[in-house]
Amino acid sequence: MRGTIHVLNGPNLNLLGEREPAIYGHDTLADVEAMCRAEADAAGYALEFRQTNAEHEMVDWIQAARKDAAGIVINPAAFSYAAYPVLDALKLCDCPIVEVHISNIHRREAEWRSKSIMTQVVTGIVSGLGVHGYALAVRHIAEVRGRTK
Ligand code: CA2
């Protein structure tokens, strides 16, 4: 194994697949984890996949990931808009960070959804490609860090 890719999910994403399928699709978070794991396995990386509704827990996970992460994929969900402790924790990481949103946050009915404060500290963003965006983000990290398989 070349290292660990951490996939971190923010509030309410535990309900993925249960509500608003026109926006977020029918896949559950377990399906997303399986997709990410397949990408990580194929490239020779371990995967940590987590979801929390608690901001402090997200901060703790980012701080822990900082020590060994090959990269971080994060869907901050509604933490995107006001969670400065999460932003500060991400700023302390040296590894590549990809921010993922399932929906296109720039195309949503509510303008506030387009104003992610995380954007200023992440390496790049994938938004609007559905849950496939997670797999692309994991693959990107494997590509930039080097593949074993
Ligand atoms: O598009 C995304 O991935 C979002 O990060 C999802 C967040 C939302 O606050 C962002 O604006 C965009 C969370 C959406 C609410 O949670 C749901 C979970 C499952 C199904 C429907 C909504």
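All residue numbers refer to positions in the sequence shown, counting from 1. Here the structure is a predicted model, which is why all the values come from computation and not from measurement.
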Hey, are the side chains of [X] and [Y] touching, using non-hydrogen atoms and a 4.5 Å cut-off?
X	Y	answer
L29	F49	yes
D31	H26	no
L136	H140	no
S80	K115	no

Determine the minimum heavy-atom distance between [X] and [Y], stating which atoms define it.
X	Y	result
A89	V59	CB-CG1, 4.2 Å
T52	E57	OG1-OE1, 2.6 Å
I62	C93	CG2-SG, 3.6 Å
P96	V144	CG-CG2, 4.2 Å
C95	A69	CB-O, 3.6 Å
A70	R145	O-NH1, 2.8 Å

If Ile, Leu, Val, Met, Phe, Trp and Tyr residues are connected whenever their side-chain heavy atoms lie under 4.5 Å apart, and connections chain through other members, are [X] and [Y] in the same group?
X	Y	answer
M35	V126	yes
V73	L129	yes
I97	I117	yes
V98	I102	yes

Is there a side-chain contact (heavy atoms from CB on, under 4.5 Å) between Q120 and L87? Walk through the geometry before answering. CA-CA 9 Å; Q120 59 192 290; L87 178 149; 3.8 Å; yes

Quick one: [atom1] on [X] to [atom2] on [Y], what's the gap to the nearest 0.5 Å?
X	Y	atom1	atom2	answer
H6	I141	NE2	CD1	10.0 Å
R113	S127	CZ	OG	11.5 Å
Y45	R139	OH	CZ	14.0 Å

Answer yes or no: does atom CZ of R2 have more than 12 heavy-atom neighbours from other residues, nucleotides or ligands under 6.0 Å? yes

How about CD on E111, more than 12 heavy atoms from neighbouring residues, nucleotides or ligands closer than 6.0 Å, or not? no

Only pairs under 3.5 Å count here: list side-chain donor-acceptor contacts from residues 7-22, not counting sequence neighbours, and write none if there are none.
{"from": "N9", "atom 1": "OD1", "to": "Y134", "atom 2": "OH", "distance (Å)": "2.6"}
{"from": "N9", "atom 1": "ND2", "to": "R50", "atom 2": "O", "distance (Å)": "3.1"}
{"from": "N14", "atom 1": "OD1", "to": "Q51", "atom 2": "NE2", "distance (Å)": "3.4"}

side-chain contact (heavy atoms from CB on, under 4.5 Å) test vs E48 passes for just one of T4, D68, I5, I72, namely T4

(Q) Please check: side-chain N/O of S103 versus main-chain N/O of G130, any donor-acceptor pairing under 3.5 Å? (A) no

Connected to Y81, directly or through other members, by ILVMFWY side-chain contacts below 4.5 Å are I105, W112

- Item | CA sep, side-chain torsions, deciding dist, call: N75, E99, side-chain contact (heavy atoms from CB on, under 4.5 Å) | CA-CA 6 Å; N75 184 343; E99 178 179 352; over 6 Å; no

Is there a side-chain contact (heavy atoms from CB on, under 4.5 Å) between I74 and M118? Walk through the geometry before answering.
CA-CA 10 Å; I74 183 166; M118 305 303 158; over 6 Å; no

From CA spacing to verdict: side-chain contact (heavy atoms from CB on, under 4.5 Å), Q63, L92:
CA-CA 8 Å; Q63 285 189 11; L92 296 170; 5.5 Å; no

